[in-house]
Amino acid sequence: MDVTRDRAWETLTRYTKSEALRRHALAVEACVGAYAREAGEDEELWRAAALLHDFDYEMHPTLDKHPQDGAPILREEGYPEELVEAVLSHAEHLELPRDTQLKKALFACDELAGFVHACGLVRPDGIETLEPKSVRKKLKQPSFAAGVHRDEVYAGTGLIGLELDEHIRNVIVAMRPIAAQLGLRTG
Ligand SMILES: [Fe+2]
Ligand SMILES: [Fe+2]
């Protein structure tokens, strides 16, 4: 099968009705897609993997099922092993090696995209004027967006070999064009 982001979106929306989960998928897609483009990698494949990384979360909201019980469904849908393995590797509890650029980028963007989204929700202009410095400050406040695993943000940043500010800036810039779709105010 030809992996495209549109096909992945179709799969995602068949299994995921929650707007919050769809927005999370779109945010991670934007970031991973930007890194694919920058690295000259297969952008459609990377975007598809990002869109699908939590595709089964609505039906498998617990770690004894997500994402491992979603993987066979993706295989059945015809997605290649490279994508399925990337999806599986985003989960810390599975302890799989992140041995491809795609796996690294997906892991690096997953939690941070969620965190930047949370930062944008409490600002009058969303992420329009959001700077890395203010994101970094909020990362140090445990009560803000408490569900975001800070250790995964830092580990992911190291994995893709960037400084934290640089990675945060890339994520903000990647998400800006779809801010409205993400439910963020656009100033
Ligand atoms: Fe997940
Ligand atoms: Fe996620």
Side-chain angles (χ1 to χ4, degrees), residues 3 5 8-36 43 45-75 77 79 81-121 127 135 138-139 144-160 167-168 170-172 174-175 178-179 181-184:
V3 183
R5 73 79 59 193
W9 175 254
E10 188 278 316
T11 304
L12 171 72
T13 51
R14 216 168 349 108
Y15 289 95
T16 300
K17 304 301 171 190
S18 143
E19 185 167 57
L21 274 173
R22 288 183 182 187
R23 281 177 172 165
H24 171 61
L26 287 170
V28 178
E29 181 208 0
C31 304
V32 168
Y35 278 124
E43 192 174 334
L45 177 78
W46 283 39
R47 282 183 178 273
L51 279 174
L52 291 169
H53 82 279
D54 283 336
F55 93 101
D56 69 328
Y57 196 76
E58 210 166 272
M59 61 177 154
H60 303 144
T62 52
L63 293 183
D64 60 324
K65 293 204 162 85
H66 167 75
Q68 54 273 32
D69 287 9
I73 301 172
L74 291 178
R75 291 192 183 104
E77 296 267 346
Y79 289 99
E81 213 42 38
E82 189 182 357
L83 179 146
V84 177
E85 275 175 27
V87 166
L88 284 168
S89 75
H90 88 271
E92 280 288 72
H93 66 281
L94 298 181
E95 294 178 16
L96 295 168
R98 299 194 178 99
D99 51 5
T100 67
Q101 292 307 109
L102 168 57
K103 291 178 187 175
K104 291 177 190 181
L106 178 59
F107 179 68
C109 294
D110 187 10
E111 295 290 290
L112 187 57
F115 193 79
V116 165
H117 195 205
C119 291
L121 286 174
I127 56 173
V135 175
K138 285 214 158 55
L139 279 168
F144 183 82
V148 173
H149 300 102
R150 272 59 170 176
D151 49 340
E152 293 183 25
V153 170
Y154 302 131
T157 305
L159 205 54
I160 55 172
H167 183 34
I168 294 172
N170 290 340
V171 162
I172 295 170
M175 284 169 58
I178 58 160
Q181 264 173 287
L182 299 178
L184 296 169

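Since the model is a prediction, treat every value here as computed from it, not as a measurement. First listed ligand is number 1; within each ligand, the first listed atom is number 1.
- Electrostatic pairing of Arg98 and Glu92 counts as a salt bridge here, judged by a charged N lying under 4.0 Å from a carboxylate O.
- Take the N/O/S atoms of His53: the one nearest the Fe ion (ligand 2) is NE2.
- Taking 2.8 Å as the threshold, His24 counts as a candidate ligand of the Fe ion (ligand 2), since one of its N, O or S atoms lies below it.
- Between the OD1 atom of Asp54 and the NE2 atom of His66, the angle centred on the Fe ion (ligand 1) amounts to 90° when rounded to 10°.
- Two residues are said to be in side-chain contact when any heavy atoms from C-beta on lie closer than 4.5 Å; Trp9 and Arg22 meet this criterion.
- Nearest N/O/S atom of Asp110 with respect to the Fe ion (ligand 2) is recorded as OD1.
- In summary, the aromatic rings of His24 and His53 are positioned with their centroids under 6.0 Å apart.
- Salt bridge Glu58/Lys17: absent, no basic N to carboxylate O contact under 4.0 Å.
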